[in-house]
Number of protein chains: 2
Amino acid sequence: MANNVNAAQRLDATFAALADPTRRAILARLSLGEASVSELARPFAISQPAISKHLKVLEEAGLISRGREAQKRPCRLVGKPLADISEWLEAYRRHWEGNFQRLDALLDELKAQEPQAGAERPEGGSL
Amino acid sequence: MANNVNAAQRLDATFAALADPTRRAILARLSLGEASVSELARPFAISQPAISKHLKVLEEAGLISRGREAQKRPCRLVGKPLADISEWLEAYRRHWEGNFQRLDALLDELKAQEPQAGAERPEGGSL
DNA sequence: CAGTATAATAACCATATGGTTATATAACCG
DNA sequence: CGGTTATATAACCATATGGTTATTATACTG
């Protein structure tokens, strides 16, 4: 599996694409079904070329695909990169689900007690 | 709930923070437990200030918190922003889980047949 | 107090990003 | 063919990003 490198680059592109509210809004719109560029542009106060650039970013991240229908170039959401992110997130789930943070702090505390019992604790005393 | 705006900004910051492989590697390391800045820096071929910048980005996105222990400033993973992303992702789950994409394409096809049966189909013929 | 270790900040640089306006393509319509 | 609609590209601009080296701040240590 030497495409681990590529996997990282795809994550880069996907996260970067998602780091913009306009692009996330476009995806939200596309989650309701395919739409043309001008339909996608309508809700926004920015120029059409700006939308085209956003779509290019989304397309290069693999988050949308484009068809062709007369002059229109209908865009469609592609879920795969989101699935990849979801999978990446799983490794961290325990950090927000359940008491992991508390547990982590507890381990720290124990480690801190090793040298001196009753030592001062600047952080994380709130368990 | 007028903090919808802020929620979007937090998503911006989180996604942007995650769009860098060095920062994701730092998070991966922190998922094993807290670590000092120099410990975090060790695996990378970049300067210490560069690491400090990355940590600042992560901290501003709320992805890490920092304590203090002598000269060291131990960093610890904070899962909350990842939970927020996970929640945001849920809206799109059906797009990669199950046949949604196929279904979408099918609807398109039906729509395309409307004008002319047997018309050429430039995209998405591979179902 | 002087020295050392850990980390942050400043100043700088190159490239990326998000926007603009103007222009070019592409495909339909009469 | 000429016009119109839909979209992309070019050229430009301001700001953000990720890196560097040099310097500063903080806290332990002898």
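Sequence lines set the chain letters: A, B, ... in the order given, protein chains first and strands last, and positions in each chain run from 1. Because the structure is predicted, anything quoted here is derived from the model rather than measured.
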Checklist entry - Nearest nucleotide by nearest heavy atom, which residue falls closer to the 5' end of DNA chain C, A:Val57 or B:Ser36? => result B:Ser36

Item to check | Aromatic plane relationship, A:Phe15 with A:Trp88 - under 30° parallel, 30 to 60° tilted, over 60° perpendicular | outcome: perpendicular

Item to check | Nearest to side-chain heavy atoms of B:Ser47, which nucleotide of D:dT20, C:dA7, D:dA6 | outcome: D:dT20

Next on the checklist: If I take atom CD in residue A:Glu69 and atom P in nucleotide D:dA6, what distance separates them, rounded to the nearest angstrom?
Outcome noted: 12 Å

Checklist outcome for this item: Of C:dA8, D:dG19, D:dA8, the nucleotide closest to the side chain of B:His54 is D:dG19

Checklist entry - Is B:Ser38 near enough to C:dA7 that one of its side-chain N or O atoms lies under 4.0 angstrom from OP1 or OP2? => result yes

Next on the checklist: Using whole Å, what does the distance between atom C1' of nucleotide D:dG18 and atom CG of A:Asp12 come to?
Outcome noted: 13 Å

Checklist entry - Is the phosphate of D:dT7, meaning OP1 or OP2, less than 4.0 Å from a side-chain N or O of A:Arg68? => result no

Checklist entry - Just how far, in rounded Å, is P of C:dG18 from CG of A:Leu58? => result 10 Å

Checklist entry - Tell me, do B:Ile85 and B:Leu18 make a side-chain contact under 4.5 Å, heavy atoms counted? => result yes

Checklist entry - Would you say the side chain of A:Glu34 lies within less than 4.5 Å of the side chain of A:Glu69, judging by non-hydrogen atoms? => result yes

Next on the checklist: For a quick test of reading the model, state the closest non-hydrogen atom pair linking B:Arg23 to B:His54 and the distance between them.
Outcome noted: NH1-ND1, 3.1 Å

Next on the checklist: Nearest heavy atom decides the nucleotide; on that basis, is A:Ala45 or B:Ile51 closer to the 5' end of DNA chain C?
Outcome noted: B:Ile51

Next on the checklist: By nearest heavy atom, map A:Pro49 and A:Gln71 onto DNA chain D; which one lands nearer the 5' end?
Outcome noted: A:Gln71

Item to check | For the student: nearest non-hydrogen atoms of B:Ser36 and B:Lys72, plus distance | outcome: CB-CD, 4.0 Å

Checklist entry - Does A:Arg73 place a side-chain N or O at less than 4.0 Å from the phosphate oxygens OP1/OP2 of C:dA27? => result no

Checklist entry - Of all the nucleotides listed (C:dG18, D:dC28, D:dA10), which has the minimum atom distance to the side chain of B:Ala70? => result D:dC28

Checklist outcome for this item: Of D:dA8, D:dT26, C:dC28, the nucleotide closest to the side chain of A:Ser52 is D:dA8

Item to check | Rounded interatomic separation in angstrom, taking NZ from A:Lys56 and P from C:dT17 | outcome: 12 Å

Next on the checklist: In this structure, how many angstroms lie between the P atom of D:dT9 and the CG atom of A:Leu55, rounded?
Outcome noted: 11 Å

Checklist outcome for this item: Among the nucleotides D:dA11, D:dG18, D:dA8, whichever has the atom closest to the side chain of A:Lys53 is D:dA11

Checklist entry - Rounded to the Å, how far apart are A:Phe15 CZ and D:dT17 P? => result 17 Å

Item to check | Euclidean distance, atom CD of residue A:Glu39 to atom P of D:dA6 [Å, nearest integer] | outcome: 10 Å

Next on the checklist: Regarding D:dA6, can its base be found pairing with the side chain of A:Gln48 as donor and acceptor, where the two atoms are less than 3.5 Å apart?
Outcome noted: no

Checklist outcome for this item: In this structure, CD of A:Glu87 is separated from CG of A:Leu82 (nearest 0.5 Å) by 13.0 Å

Item to check | Interatomic distance, B:Leu40 CG vs C:dA8 P [rounded to whole Å] | outcome: 10 Å

Next on the checklist: With a 4.0 Å limit, can you tell me whether A:Arg66 has a side-chain N or O closer than that to the phosphate oxygens OP1/OP2 of D:dT7?
Outcome noted: no

